[in-house]
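Sharing a structure here in structure tokens format.
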Amino acid sequence: MRERKVKCGVVGCGVVANEAYFPAIVEKGELVATCDKIEERARRSMELWGAKEYYTDVDEMLRKANIEAVFILSGMGMHADHATRAARAGKHVLIQKPLATTMRDARKVFNAIKKAGVKALVEPNVQMNPLYLKAKSILEEGTIGEVYWFRAGLGRGPPTWGEETFFTRQAGGPLFDLGVYQIAALTFLLGPASSVTGMAKISIPERFIVPEEFFTEHLSQKPYEPFWKKLATAKPTKRIKMEAEDNTFTLLSMRSGSLGCVIANFVTPDGLRNGVGNMPDIEIYGSDGALFLGGSAAISVMTKRKDSKYYSPEGWYCIPKQDFPSWNYYRASTEHFFNCILNDEEPLPSLEWGMHVSEIMIKSIQSSRTGNRLRVLSSFKWKGESVEC
Ligand SMILES: NC(=O)c1ccc[n+]([C@@H]2O[C@H](COP(=O)([O-])OP(=O)(O)OC[C@H]3O[C@@H](n4cnc5c(N)ncnc54)[C@H](O)[C@@H]3O)[C@@H](O)[C@H]2O)c1
């Protein structure tokens, strides 16, 4: 018997929806409705990906469309509101990162989803990524001993589109756009954080981005063509104000005892990852060695433990990048989300974990504005222990 397909609606028909999620949804599910406040984006996305209906208002889509799941792919500061509305309408939700950019919104969406009892998958999905699973197993084998400290993130130039999506105070800026990946990975590898201190500022108060019409126009071309190449030829002519901190440092104290720093900004030259600047994305140091993610290898391990299978007399044991073929988290999440709905299982990138990641980022920015170190109160299932939010 063929398994039924999950009927879906999508809120936010922008770059990530068209580049990543629509292809995954039409492959594994049933795309029923598109929704964007820019009517042409909603309509053109519907036509491009074979949906039945389009909407410009989220509530109208939730009321009228025959859907059971909603993909929340709008701007970073809107996810919580859109997901709250969807959950209250009884729909399962896949939420792009971050879950929320204020604690008020985070609590609201968390409670709405819990009350509705719907499935919620919060991106970015690190829990199923073979790279992080391998790194986690290396750490859990005690290869580097007790973890003492870590450094993660680097920064890069800003996106060149999406004023409301990335740059407003409500959207949150690079910590929520880039730092979220490292905080997601670190909490998966090392467990929950207990407190956070942030230091952040706006270093470049004005930017130029590509006008919204450029992407809307791109959607008039059939079939859909990858956007990135075209974006590189576009002129950033729209002047915008940077309302969110574009240069951020987050100091974390983890419940398991280690301390570390996450760097996220829009003020670093692009391309540093190549050539001489081939820096790891995450470095973790312990009593018996160190583990790096990214840089010249996928994973690099140094251990003093001669009985470890990662011990190398030359120093570093490197797992090459080709051992981890590119992994599409959007596709993996979409399929996992559908399976969880169909089989009544809980998504691995859970609501509790998404809440914890967002609380860290929100409190980092809060701390940078107030000068206080802040406790992180939420938690998630870690080593079999479940802690209430
Ligand atoms: N672009 C990427 O490569 C990428 C990768 C990973 C994650 N993300 C995340 O995905 C989300 C969207 O990013 P994007 O690059 O697609 O941005 P985008 O600006 O291209 O798309 C966002 C869309 O949401 C729409 N929207 C805004 N308010 C709305 C409302 N009230 N109702 C309906 N639609 C509304 C906008 O009109 C826009 O079309 C962000 O949270 C971003 O962090 C993007």
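Counting from 1, the numbers follow the sequence of the chain as shown. Both counts, for ligands and for their atoms, begin at 1 and track the order of listing.
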Who's closest to atom 41 (O) of ligand 1 heavy-atom-wise, of K37, H79, E40?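 Considering heavy atoms of K37, H79, E40, the nearest to atom 41 (O) of ligand 1 sits in H79.
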
Quick one: does ligand 1 sit under 4.0 Å from the side chain of Y330, the backbone, both or neither, non-hydrogen atoms only?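 The side chain, only.
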
Ligand 1-proximal atoms of D177, by part, heavy-atom distance under 4.0 Å: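 Side chain only.
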
Heavy-atom contacts with L73 under 4.0 Å: which atoms of ligand 1 show up? List them by number with element.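 Result: 11 (C), 12 (C), 22 (C).
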
Among all protein heavy atoms, pick out the one at the shortest distance from atom 20 (O) of ligand 1; state its residue, atom name and that distance to 0.1 Å.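 Checked against all protein heavy atoms, atom 20 (O) of ligand 1 sits closest to V15 N, 2.9 Å.
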
Quick one: does Y21 get a heavy atom under 4.0 Å from ligand 1?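 Contact check Y21 vs ligand 1: negative.
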
Donor + acceptor pair across side chains of E163, T168 (<3.5 Å):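 Note: E163 and T168 side chains miss the donor-acceptor criterion.
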
Are T216 and E40 linked by a side-chain donor-acceptor pair shorter than 3.5 Å?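 Short answer, no.
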
Sub-4.0 Å heavy-atom approach of H82 to ligand 1: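 A heavy atom of H82 does come that close to ligand 1.
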
Nearest-option assignment for atom 43 (O) of ligand 1, heavy atoms, candidates Q96, K97, R41, M78: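 Nearest option to atom 43 (O) of ligand 1, by heavy atoms: K97.
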
Could you pull out, from V10, T165, T56, the option with a heavy atom nearest to atom 13 (O) of ligand 1?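 That would be T165.
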
Y330 and E19: side chain donor to acceptor below 3.5 Å: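 The answer is no; no qualifying pair exists.
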
For residues T34 and R41, is any side-chain donor paired with an opposing acceptor at under 3.5 Å?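 No, no side-chain donor-acceptor pair sits under 3.5 Å.
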
Enumerate the atoms of ligand 1 whose separation from the nearest heavy atom of I38 is less than 4.0 angstrom.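 So the answer, numbered in order with elements, is 37 (O).
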
Just to confirm my output: which protein heavy-atom neighbour is closest to atom 21 (O) of ligand 1, and how far is it?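 Residue, atom and distance for the closest contact: G14 CA, 3.3 Å.
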
So Y285 and F292, would you call those rings parallel, tilted or perpendicular, with 30° and 60° as cut-offs?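 Geometry flag for F292 against Y285: perpendicular rings.
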
Using a plain distance cutoff, I'd like to know if V58 has any nitrogen or oxygen under 3.5 Å from a nitrogen or oxygen of ligand 1.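 Min N/O separation from ligand 1 is not below 3.5 Å for V58.
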
Donor + acceptor pair across side chains of N339, E345 (<3.5 Å):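 No - no donor-acceptor pair under 3.5 Å links their side chains.
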
V10 and side chain to side chain contact (heavy atoms under 4.5 Å, CB included): which single residue from Y21, Y54, F22, W49 fits?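 For V10, the side chain to side chain contact (heavy atoms under 4.5 Å, CB included) check succeeds only for F22.
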
Can you confirm if the aromatic rings of W353 and F188 lie within a centre distance of less than 6.0 Å?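 No, the ring of F188 stays outside the 6.0 Å limit from the ring of W353, centre to centre.
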
Keeping the roles fixed (side chain from S308, backbone from T143), state whether a donor-acceptor pair exists under 3.5 Å.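 Such a contact is absent between S308 side chain and T143 backbone.
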
Answer yes or no: are there more than 12 heavy-atom neighbours, outside R369 itself, under 6.0 Å from its atom CZ?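 Correct, the count exceeds 12.
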
Are a donor atom and an acceptor atom from the side chains of T197 and R373 found within less than 3.5 Å of each other?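 No, R373 and T197 have no side-chain donor paired with an acceptor closer than 3.5 Å.
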
Identify the closest protein heavy atom to atom 10 (O) of ligand 1: which residue and atom is it, and at what distance?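 Checked against all protein heavy atoms, atom 10 (O) of ligand 1 sits closest to V16 CG1, 3.3 Å.
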
For ligand 1, indicate whether the residue F71 contacts it via side chain, backbone, both or neither (heavy-atom separation under 4.0 Å).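 For F71, there is no contact with ligand 1 at all, from either part.
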
Hey, is F176 touching ligand 1 through its side chain, its backbone, both or neither, going by heavy atoms under 4.0 Å?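 For F176, there is no contact with ligand 1 at all, from either part.
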
Heavy-atom distances under 4.0 Å decide this one: backbone, side chain, both or neither, for Y181 against ligand 1?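 Y181 to ligand 1: side-chain contact only, backbone stays beyond 4.0 Å.
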
Regarding ligand 1, does G75 bring an N or O atom to under 3.5 Å of one of the ligand's N or O atoms?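 No; the residue has no nitrogen or oxygen that sits under 3.5 Å from a nitrogen or oxygen of the ligand.
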
Here's one to test your reading of the geometry: is the NZ or CZ of K230 within 45 degrees of the ring axis of F214 and under 6.0 Å from its centre?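 Geometry flag: set, cation within 6.0 Å and 45°.
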
Identify, for atom 25 (C) of ligand 1, the protein heavy atom at the shortest distance, and state residue, atom and that distance.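 Going atom by atom, the protein heavy atom closest to atom 25 (C) of ligand 1 ends up being D36 OD2, 3.2 Å.
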
Taking distance alone, with no angle check, do E212 and ligand 1 share an N/O pair under 3.5 Å?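 Not met; the criterion fails.
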
Which of the numbered atoms in ligand 1 are under 4.0 angstrom from any heavy atom belonging to Y329?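 Answer, ordered by atom number: 6 (C), 7 (C).
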
Between ligand 1 and F215, can you find any atom pair, the residue atom being a heavy atom, that is separated by under 4.0 Å?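 The answer is no, since F215 has no heavy atom less than 4.0 Å from ligand 1.
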
Using the six-membered ring wherever Trp is involved, compare the ring planes of F227 and H218 and label them parallel, tilted or perpendicular (cut-offs 30° and 60°).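 Ring orientation, 0 to 90° scale: tilted.
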
Which atoms of ligand 1 have any heavy atom of W161 under 4.0 Å away?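 Those qualifying, in numeric order: 1 (N), 14 (P), 15 (O), 17 (O), 20 (O).
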
S74 neighbourhood, listing ligand 1 atoms whose heavy-atom distance to it stays under 4.0 Å: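 Numbered from 1, ligand 1 contributes 11 (C), 12 (C), 24 (O), 40 (C), 41 (O).
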
Compute whether any side-chain donor of one residue and acceptor of the other, for T84 and D81, lie under 3.5 angstrom apart.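 Side chains of T84 and D81: no pair found under 3.5 Å.
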
